[in-house]
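Notes for the one structure printed next.
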Amino acid sequence: VMTNRFRLRIVIAGIVTGLSFMLPLASAQNAESLTKQLSSQDAEQRVKAAFLLGEMGEVPAPAIPKLIEILADGWGRGTYYTVYRNDETGKLDVGLMEHSNLHENSPYTSRVAAEALSQIGKPAVPALIAALKHSSHETRLHAVQCLWDIKDARAFQPLIEAMATQDGNMRVRAVQALIALDDPRTFDAMADALKDENIYTRQAAAKAFELLRDSRAFEALIPALNDKDREVKIAAASALAYIDHPDVVEPLLQSLKDDDWYVRRWIASAFAKVNDPRIVDALIGRVQDQSEHPVVRQTAAAALGWLGSSRAAQPILDLLVEPDDKGYGKSDLITALGRIALARAPQSDPSTSPDIAAVLIEVLEQADDDTVQRAAEALLPLKDSRAVNPLIACLEHENMGLRGISAEALGEIGDTRAVDALISALDDTYWFARKNAAEALGKLGDTRALEALTKLQDDTVMEVKNSATAALHQIEGSLL
């Protein structure tokens with residue numbers, strides 16, 4: 001399995017011309033020259049040098065201070081860089097990327113430098129530890145990521161100190177880097193950190209116990225449920241929800257009575273991880289309590305959906321029909337009902353169990369785009385033939401996401417009444433709807449779709465073309 005860092009290396013080397021043009025390793029002889037290039041005024045030269053130095057592994061230790069220096073290079077500007085091999089000249093080249101076109105794995109200058117430091121490894125650790133206190137926010141984030149990659153025990157105490165930051169992103173990364181060290185000192189250090197005067201350190205320690213999922217943390221986390229900081233309370237409850245301990249339910253139930261509705265909301269969300277009848281009863285109570293904050297009630301319903309509790313179906317249905325005076329919406333309730341319907345045993349007595357599918361079908365006629373789309377998504381795995389006509393109507397809805405989901409749901413139901421509507425949907429302006437309509441027609445296996453699917457093979461979107469070809473093969477295969 002490739003790590004994210006390794007994927008980044010491949011993207012950098014092959015984003016323009018493909019993976020067949022991977023860059024050669026730089027030699028130790030040109031390390032000095034590459035190090036000098038890191039100080040170039042030309043950003044393209046800096047990114048090339050950083051990339052090649054990273055390919056050298058532990059060799060270019062003198063380059064480390066310069067690589068640290070450019071960890072913030074490119075942040076906050078409109079132009080970013082990718083490194084690739086030019087297909088025509090065979091030379092290393094740099095491409096420019098506009099900020100608006102960036103995505104999560106877009107390699108830009110600072111990330112190339114960070115990748116190089118991770119590849120250099122242990123010789124870079126002292127400088128990276130120092131960079132945890134750098135004035136640049138981006139440099140600190142890159143430094144903790146590199147330490148996470150390298151996994152050197154020298155970073156243990158500095159990472160604990162880094163947990164004290166007000167920056168939530170930095171705290172989480174520091175905790176994750178600590179866990180990655182797999183150091184036997186981590187548990188005791190986190191237990192001590194839960195008592196620290198710094199609220200951010202306490203928050204991070206509770207998060208660490210959530211990741212560790214060690215039952216020994218039970219005693220350390222219980223006092224944190226009464227912490228003066230709401231985020232510490234929430235993090236402690238979330239950590240307890242992951243712990244397999246016989247006494248964990250009662251403290252969690254008490255925490256759901258917190259005076260702060262915000263705390264109750266997130267603790268109700270954490271309950272989705274604890275499938276215990278007492279937890280279910282408490283969540284149903286919150287759903288039914290009309291004096292409870294609306295967000296807490298909806299969050300409790302969502303947790304019950306994740307738990308798949310059939311007992312919760314009617315209380316959630318009752319909440320669904322209550323007036324939404326404050327405009328909080330009902331989409332989470334729809335999703336919860338869909339999960340409950342999917343989890344419910346097939347032998348459920350229809351005379352005593354609410355007909356959730358019928359309710360979801362009725363919701364398809366509502367005006368709220370988000371609610372309607374949630375209803376279509378919830379109906380998708382239920383494969384209820386009663387939904388065919390409402391879903392066909394949704395294929396012409398102005399919400400393009402709803403059109404795509406409806407096409408997919410019709411394919412799952414497998415009713416040929418939808419064939420003509422799905423053929424028409426192959427002309428949808430939204431590529432995802434065209435793709436799903438093609439896949440649905442393939443599942444239905446009706447020869448009436450052959451001509452339209454053949455034309456769709458000329459679509460400008462590759463995913464749509466591939467789906468059309470696959471659907472044709474399915475239909476033709478069913479005729480053999």
Discussion item. Within the structure provided, determine whether Arg171 and Lys207 are in side-chain contact (heavy-atom separation under 4.5 Å).
Written reply: no
| task | Could you tell me whether the side chain of Ile179 reaches within less than 4.5 Å of the side chain of Thr186, counting heavy atoms only? | result | yes
Donor-acceptor under 3.5 Å (Arg202 side chain, Ala193 main chain) = no
Rounding to 0.5 Å, atoms OG1 (Thr201) and CD1 (Ile160) come to a distance of 9.5 Å
What one should report as the nearest heavy-atom pair of Ser255 and Leu252 is OG-O, 2.6 Å
- Query: Backbone N or O of Gly329 within a donor-acceptor pair of the Asp324 side chain at under 3.5 Å?
  - Reply: yes
So CG of Leu53 and CG of Leu117: to nearest 0.5 Å the spacing works out to 9.5 Å
Note to self: Using only atom types and a distance under 3.5 Å, with no angle test, would you say the side chain of Arg339 pairs donor to acceptor with the backbone of Gly305?
What the structure shows: no
Exercise for review: Examine the side chains of Ser291 and Asp289 and answer whether a donor and an acceptor come within less than 3.5 Å of each other.
Suggested key: yes
Q.
Within a 6.0 Å radius of atom CH2 on Trp306, are there more than 12 heavy atoms belonging to other residues, nucleotides or ligands?
A. no
Correct closest heavy-atom pair for Ala376 and Ser406 would be CB-OG, 4.4 Å
Of Arg230, Lys228, Lys233, Arg265, the one forming a salt bridge (Lys or Arg N to Asp or Glu O under 4.0 Å) with Asp260 is Arg230
Item checked: Side-chain donor or acceptor of Glu322 paired with backbone N/O of Gln290 under 3.5 Å -> no
Exercise for review: Show your reasoning for whether salt bridge (Lys or Arg N to Asp or Glu O under 4.0 Å) applies to Glu412 and Lys383.
Suggested key: CA-CA 6 Å; Glu412 290 298 317; Lys383 304 179 183 180; 3.6 Å; yes
query = How far apart are the C-alpha atoms of Lys435 and Glu439, what are their side-chain angles, what is the distance that settles it, and do they pass the salt bridge (Lys or Arg N to Asp or Glu O under 4.0 Å) test?
reply = CA-CA 6 Å; Lys435 170 183 174 293; Glu439 292 173 356; 3.0 Å; yes
Margin query: Looking at Ser238 and Ala235, would you say the former's side chain and the latter's main chain have a donor-acceptor pair under 3.5 Å?
Written below: no
Fill in: Whether Arg403 side chain and His397 backbone form a donor-acceptor pair below 3.5 Å
yes
Is Ser136 close to Leu71 at the side-chain level, that is, under 4.5 Å between some pair of heavy atoms?
-> no
For a side-chain contact (heavy atoms from CB on, under 4.5 Å) check, start with the C-alpha distance between Leu178 and Phe156, then their side-chain angles and the critical distance, and finish with the verdict. CA-CA 6 Å; Leu178 270 172; Phe156 181 79; 3.7 Å; yes
- Should we say atom CD of Glu463 is surrounded by more than 12 heavy atoms from elsewhere, each under 6.0 Å from it? yes
Taking the side chain as every heavy atom from C-beta outward, state whether Ile279 and Leu256 have any pair of such atoms under 4.5 Å apart.
no
query = Aromatic rings Phe432 and Tyr430: how do their planes relate, parallel, tilted or perpendicular, breaks at 30° and 60°?
reply = tilted
CG (Leu320) and CD1 (Ile334) are apart, to the nearest 0.5 Å, by 4.5 Å
| query | Between Arg311 and Asp281, is there a side-chain N and carboxylate O pair less than 4.0 Å apart? | reply | yes
- prompt: Lys273 side chain to Ala241 main-chain N or O, any donor-acceptor pair under 3.5 Å?
  reply: no
Item checked: Pairwise side-chain contact, Leu410 with Asn436, heavy-atom cut-off 4.5 Å (strictly under) -> no
Report task. Consider only side-chain N and O atoms of Thr335 and Arg374, and report whether a donor and an acceptor are under 3.5 Å apart. Result -> yes
Assess whether atom CD of Gln157 is packed by more than 12 heavy atoms of other residues, nucleotides or ligands within 6.0 Å.
-> yes
Output for pair (Ile234 CD1, Ile267 CD1), nearest 0.5 Å, gives 6.5 Å
Note: Asp428 and Leu395 closest approach over all heavy atoms is OD2-O, 4.2 Å
Test item: Arg264 side-chain N/O and Asp258 main-chain N/O as donor-acceptor pair under 3.5 Å: yes
So CD1 of Ile356 and OG of Ser310: to nearest 0.5 Å the spacing works out to 8.5 Å
Just wondering, do Ile150 and Val125 contact through their side chains at under 4.5 Å, heavy atoms?
-> yes
In terms of heavy-atom contacts, Ala191 and Ala220 come closest through CB-CB, 4.4 Å
Polar contact flag, side-chain donor to acceptor under 3.5 angstrom, Asp318-Gln288: no
Q: Tell me, with the steps shown, if Leu128 and Leu132 meet side-chain contact (heavy atoms from CB on, under 4.5 Å).
A: CA-CA 7 Å; Leu128 289 167; Leu132 291 175; over 6 Å; no
Taking the inter-plane angle between the rings of Phe209 and Phe187 on a 0 to 90° scale, is it parallel (under 30°), tilted (30 to 60°) or perpendicular (over 60°)?
perpendicular
* Using the side-chain contact (heavy atoms from CB on, under 4.5 Å) rule, take Leu382 and Leu342 through it: C-alpha gap first, then chi angles, then the decisive distance, then the call. => CA-CA 6 Å; Leu382 300 183; Leu342 185 62; 4.2 Å; yes
Nearest heavy-atom contact between Ile316 and Ala301 is CD1-O, 3.8 Å
Exercise. Do Glu231 and Ile199 have side-chain heavy atoms sitting under 4.5 Å apart?
Worked result: no
Here the gap from Leu253 atom CG to Arg278 atom CZ, rounded to the nearest 0.5 Å, amounts to 7.0 Å
query: Cationic tip of Arg213 within the cone over Tyr242's six-membered ring, i.e. under 6.0 Å and within 45° of the normal?
result: yes
task: Decide yes or no on salt bridge (Lys or Arg N to Asp or Glu O under 4.0 Å) for Asp355 and Arg386, but give the supporting numbers first.
output: CA-CA 12 Å; Asp355 189 349; Arg386 294 175 295 173; 2.8 Å; yes
Between Arg154 and Lys122, does the side-chain contact (heavy atoms from CB on, under 4.5 Å) criterion hold? Intermediate values first, please.
CA-CA 10 Å; Arg154 288 173 290 176; Lys122 293 186 180 297; 3.8 Å; yes
Check your understanding: Does the side chain of Asp384 come within less than 4.5 Å of Ile413's, by heavy atoms?
Key -> no
- Message: When you measure from the side chain of Arg286 to the backbone of Ala300, do you find a donor-acceptor pair of N or O atoms at a distance under 3.5 Å?
- Response: no
Under 3.5 Å donor-acceptor, Arg173 side chain and Gln145 backbone:
no
Heavy-atom closest pair (Leu221 atom, Ala239 atom, distance to 0.1 Å) is CD1-CB, 3.7 Å
